[in-house]
**Q** 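Here it is: the structure, laid out below.
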Amino acid sequence: MTYAIQPMAMKHYDQVVALWRTCEGIGLSEADSRDNVRNYLFRNPGLSYVAIDKMRVVAAVLCGHDGRRGYLNHLAVHPDYRRQGIGRALVDKCLATLETIGIAKCHLFILRNNAEGARFWERMGWTLRTDLRVASIYVGDPTRDPNGFDETLL
Ligand SMILES: CC(C)(COP(=O)(O)OP(=O)(O)OC[C@H]1O[C@@H](n2cnc3c(N)ncnc32)[C@H](O)[C@@H]1OP(=O)(O)O)[C@@H](O)C(=O)NCCC(=O)NCCS
């Protein structure tokens, strides 16, 4: 299997979202709209990556930081390309890039029902935190479902 890892760019957006939508364990929301992802990539240049095979996006991950800690979101590998080291390669690339800019620790969210995902991260050497819970509040337009993926935002 030949693939190339490239920094994610907006030209990949449609394929990346299509991949995320087919992958279990990825929770999409209006945060993943075209405008928001463009903004994210602009704020975190060169940190998010895709794996490409014959011009097709076969894996993707968002990576960013807040100046203190790094964050990974939406790591996904197409089912036909799993268990070949692509997920690890993307994560390694993100962590190495974070380290070059002085970010020594990275966090991510795992959906509670994503047992496979949790096993992957443990295998990758990540610690599943039991000392933390995530709290969220939505302060956007209340008519927009904060948990839904609004097709009109694409
Ligand atoms: C999780 C996912 C990204 C793994 O991608 P992948 O390319 O198959 O992973 P890799 O081949 O790089 O595997 C890296 C290591 O993790 C292990 N691994 C991969 N998937 C695993 C799983 N489901 N359970 C346990 N270990 C797993 C591999 O055996 C490998 O271990 P090794 O290098 O020590 O031999 C992929 O299965 C996926 O896209 N899942 C759906 C989306 C998802 O859940 N993403 C995570 C959101 S938190």
Side-chain angles (χ1 to χ4, degrees), residues 1-34 36-37 39-41 43-44 46-66 68-100 103-138 145-151 153-154:
M1 191 74 61
T2 56
Y3 64 90
I5 294 181
Q6 297 178 10
M8 189 189 296
M10 284 312 289
K11 67 181 177 189
H12 302 124
Y13 178 81
D14 289 330
Q15 284 196 62
V16 167
V17 169
L19 172 68
W20 284 339
R21 290 171 70 93
T22 62
C23 286
E24 70 289 2
I26 302 294
L28 292 182
S29 76
E30 51 89 26
D32 303 300
S33 71
R34 189 180 299 275
N36 286 348
V37 170
N39 193 27
Y40 186 89
L41 297 180
R43 288 167 56 103
N44 297 284
L47 278 169
S48 299
Y49 292 96
V50 290
I52 308 275
D53 182 28
K54 300 183 190 74
M55 300 184 66
R56 176 174 170 229
V57 172
V58 297
V61 63
L62 289 176
C63 177
H65 70 90
D66 58 15
R68 300 170 61 251
R69 297 304 194 201
Y71 299 89
L72 292 187
N73 285 99
H74 296 352
L75 172 68
V77 177
H78 187 283
D80 294 347
Y81 289 77
R82 288 183 190 168
R83 301 286 185 146
Q84 298 171 57
I86 299 179
R88 180 186 286 282
L90 288 179
V91 172
D92 286 351
K93 190 87 179 147
C94 291
L95 297 182
T97 312
L98 284 172
E99 202 181 356
T100 64
I103 305 291
K105 191 170 188 177
C106 189
H107 301 299
L108 57 84
F109 302 106
I110 306 171
L111 290 171
R112 180 75 64 188
N113 62 4
N114 187 3
E116 286 281 314
R119 279 194 284 276
F120 166 77
W121 290 112
E122 278 194 299
R123 180 77 189 165
M124 292 283 291
W126 291 56
T127 300
L128 298 184
R129 302 285 291 262
T130 55
D131 57 332
L132 289 173
R133 298 172 78 178
V134 176
S136 309
I137 189 170
Y138 187 71
D145 175 3
N147 297 312
F149 189 52
D150 185 344
E151 311 267 348
L153 293 170
L154 287 175

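First listed ligand is number 1; within each ligand, the first listed atom is number 1.
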**Q** With atom 46 (C) of ligand 1 as the reference point, say which of Leu75, Leu108, Asp92 has the nearest heavy atom.
**A** Leu75
**Q** Note the single closest protein heavy atom to atom 41 (C) of ligand 1, along with its residue, its atom name and the distance in Å.
**A** Glu24 O, 3.3 Å
**Q** Run the numbers for me: atoms of ligand 1, each under 4.0 Å from some heavy atom of Ala76, listed by number.
**A** 39 (O)
**Q** At a non-hydrogen distance cut-off of under 4.0 Å, which region of Leu111 contacts ligand 1 (side chain, backbone, both, or neither)?
**A** neither
**Q** Does the pair Arg82/Glu24 count as a salt bridge with the N-to-O cut at 4.0 Å?
**A** yes
**Q** Tyr71 vs His107 aromatic rings, parallel, tilted or perpendicular, using cut-offs 30° and 60°?
**A** tilted
**Q** Answer yes when Arg119 and Glu116 have at least one side-chain N-carboxylate O distance shorter than 4.0 Å, and no when they do not.
**A** yes
**Q** Taking everything shown except Glu99 itself, do over 12 heavy atoms lie less than 6.0 Å from its CD?
**A** no
**Q** Could you find the nearest protein heavy atom to atom 7 (O) of ligand 1 and give me its residue, atom name and distance?
**A** Gly87 N, 2.8 Å
**Q** Is there a donor-acceptor contact under 3.5 Å linking the side chains of His74 and Asp32?
**A** yes
**Q** Any luck finding a side-chain donor-acceptor pair between Thr97 and Tyr49 under 3.5 Å?
**A** yes
**Q** Ignoring angles and geometry beyond distance, decide whether Glu116 reaches within less than 3.5 Å of ligand 1 through its nitrogen or oxygen atoms.
**A** yes
**Q** For atom 31 (O) of ligand 1, what is the closest protein heavy atom, and at what distance to 0.1 Å?
**A** Arg123 NE, 3.4 Å
**Q** Atom 37 (O) of ligand 1: which protein heavy atom is closest, and how many Å away?
**A** Arg82 CD, 3.2 Å
**Q** In the structure I gave you, are the side-chain heavy atoms of Val134 and Leu132 within less than 4.5 Å of one another anywhere?
**A** no
**Q** Considering only non-hydrogen protein atoms, determine which one is nearest to atom 25 (C) of ligand 1 and report residue, atom name and distance to 0.1 Å.
**A** Arg119 CB, 3.7 Å
**Q** I'd like to check which ligand 1 atoms, numbered from 1 as shown, lie under 4.0 Å from a non-hydrogen atom of Ile86.
**A** 7 (O), 12 (O)
**Q** Tell me the protein heavy atom at minimum distance from atom 11 (O) of ligand 1, and give that distance in Å.
**A** Gly85 N, 2.8 Å
**Q** Give the single entry among Leu19, Val77, Leu72 that approaches atom 39 (O) of ligand 1 most closely by any heavy atom.
**A** Val77
**Q** Using a 4.0 Å heavy-atom cut-off, say whether Phe109 meets ligand 1 through its side chain, its backbone, both or neither.
**A** backbone
**Q** Show which atoms of ligand 1 fall inside a sub-4.0 Å distance from at least one heavy-atom site of Gln84.
**A** 11 (O)
**Q** Nearest protein heavy-atom contact for atom 19 (C) of ligand 1: which residue, which atom, what distance?
**A** Phe120 CD1, 3.6 Å
**Q** So which heavy atom in the protein is nearest atom 47 (C) of ligand 1, and how far is it from that ligand atom?
**A** Asn114 ND2, 3.8 Å
**Q** Could you tell me whether Arg83 approaches ligand 1 through its side chain, its backbone, both or neither, with non-hydrogen atoms closer than 4.0 Å?
**A** both
**Q** Do Ser48 and Val61 have side-chain heavy atoms sitting under 4.5 Å apart?
**A** no
**Q** Would one find an N or O of Arg88, backbone or side chain, under 3.5 Å from an N or O of ligand 1?
**A** yes
**Q** Counting only heavy atoms closer than 4.0 Å, does ligand 1 sit against the backbone of His74, its side chain, both, or neither?
**A** neither
